[in-house]
Amino acid sequence: MPELPEVETIARQLKKHYLGKVITEVKVKPARIFINCKPEEFSHLLVNKKLKGIDRYGKFMIWKVDGLFPVFHLGMSGIFIQQKKKTMYPKHIHVSFKFEDNSRLFFQDVRKFGKIFLYKRRPKFIDLGPDPLAENFTLINFRKLLNLSGVGIKSFLMDQHRIAGIGNIYANETLYLAGINPFRPAKSIKPREAEKLYQAIRYILEEAISHFGTTYTAYQTVEGNNGENQNFLKVYQKENELCERCGGKIIKVLINNRSTFYCKKCQK
DNA sequence: TCTGACCTGCGA
DNA sequence: TCGCAGGTCAGA
């Protein structure tokens, strides 16, 4: 599921509702999604701690909780949902947080591809590339990364070790906006095209955040609403529709086993 | 660099 | 019943 815009949307809403509150209870369901700590340890260490900060790096969400840093990766189907009624207890809940005001927050993950970590210091994510909305993601750096790469441009955009935060939907949309064919080798991208692509990455992600993310199947905001960005997509899931820009047909192919949508006519 | 496995639910 | 889904990683 969630790519950078969805994680950012969730982080903003969590801040709005829970920042500054003390966690009074943490219930966990033992599952392989706990990576570097035991579920019961996660639960025990977070009780009676205040949620002091929430931020994001790529698709990772980092909480700051009185000297501890729980980190969440939402995988394909992870979401955070507020409990709206006391009787509301959805399926596939792996963590349930209760706060000092008796409000509850659930971490739900149907497919269990999500990951939960617990650190004593804020992780530096040295394995990941730059976050595309951060200051250190500059055009100069982006061009360098492109030149060093031996893969196709779509795989390049989705490789978290190169750029952290772009997944399949936004890789498709970014390449469409920049007018670049997804089969092109990353190295073949010319300086002018690199600039267009760089701007497209930021534009597509920022627009998606302003639309609260893209709901294609499972994704919902913390408040339980669908995102709205699916109404603004140009190619993703638009197979056989006509390209808004040139009237060409949008086609679907597989690249690295991931559905890829593009306009053969205007994406060169 | 690429493929398959990890999971579950949904729609064709 | 089968294929597919927004991600990631080990192993070939």
Where the side chain of [X] is concerned, which of [options] is the nearest nucleotide?
{"X": "A:His73", "options": "C:dT8, B:dT1, B:dC6", "answer": "C:dT8"}
{"X": "A:Val110", "options": "B:dG9, C:dA5, B:dT1", "answer": "B:dG9"}
{"X": "A:Lys91", "options": "C:dA5, B:dG9, C:dG7", "answer": "B:dG9"}
{"X": "A:His92", "options": "C:dG7, C:dA5, B:dT8", "answer": "B:dT8"}
{"X": "A:Asn257", "options": "B:dT8, B:dT3, C:dT8", "answer": "B:dT3"}
{"X": "A:Lys252", "options": "C:dT8, C:dA5, B:dT8", "answer": "C:dA5"}
{"X": "A:Met76", "options": "C:dG7, C:dC9, B:dC7", "answer": "C:dG7"}
{"X": "A:Asn256", "options": "C:dT8, C:dA5, B:dC2", "answer": "B:dC2"}

Scan [X] against the nucleic acid and name what it touches under 4.0 Å (heavy atoms): base, sugar-phosphate only, or nothing.
{"X": "A:Arg32", "answer": "sugar-phosphate"}
{"X": "A:Tyr236", "answer": "sugar-phosphate"}
{"X": "A:Gly114", "answer": "nothing"}

Considering only the C1' atoms, how many Å lie between B:dC10 and C:dT8, rounded to the nearest integer?
-> 23 Å
In whole angstroms, how far is the [atom2] atom of [N] from the [atom1] atom of [X]?
{"X": "A:Ile255", "N": "C:dC4", "atom1": "CD1", "atom2": "C1'", "value": "17 Å"}
{"X": "A:Gln108", "N": "B:dT8", "atom1": "CD", "atom2": "P", "value": "13 Å"}
{"X": "A:Ile33", "N": "C:dG7", "atom1": "CD1", "atom2": "P", "value": "18 Å"}
{"X": "A:Asp159", "N": "B:dC2", "atom1": "CG", "atom2": "C1'", "value": "13 Å"}
{"X": "A:Ile35", "N": "C:dG7", "atom1": "CD1", "atom2": "P", "value": "17 Å"}
{"X": "A:Tyr216", "N": "B:dC10", "atom1": "OH", "atom2": "P", "value": "14 Å"}
{"X": "A:Met158", "N": "B:dT1", "atom1": "CE", "atom2": "C1'", "value": "15 Å"}
{"X": "A:Tyr170", "N": "C:dG7", "atom1": "OH", "atom2": "P", "value": "10 Å"}

Paired to B:dT3 by Watson-Crick or G-U wobble criteria (both distances under 3.5 Å) is C:dA10
_A:Lys49 atom NZ, neighbour heavy-atom count above 12 within 6.0 Å_ = yes
inquiry  = Can you confirm whether A:Lys249 is buried at NZ, in the sense that more than 12 heavy atoms of other residues, nucleotides or ligands lie under 6.0 Å from that atom?
reply    = no
Between A:Phe113 and A:Gly150, whichever has its closest DNA chain B nucleotide further toward 5' is A:Gly150
Please check the phosphate of [N] (OP1 and OP2 only) for any side-chain N or O of [X] closer than 4.0 Å.
{"X": "A:Lys112", "N": "B:dT8", "answer": "yes"}
{"X": "A:Gln160", "N": "C:dG7", "answer": "no"}
{"X": "A:Lys59", "N": "C:dG7", "answer": "yes"}

In terms of ring plane angle, is the pair [X] and [Y] parallel, tilted or perpendicular, where the classes change at 30° and 60°?
{"X": "A:Phe72", "Y": "A:Trp63", "answer": "tilted"}
{"X": "A:Phe142", "Y": "A:Tyr198", "answer": "tilted"}
{"X": "A:Phe60", "Y": "A:Phe117", "answer": "tilted"}

Check your understanding: With the threshold set at 4.0 Å, does a side-chain nitrogen-carboxylate oxygen contact exist between A:Lys59 and A:Glu6?
Key -> no
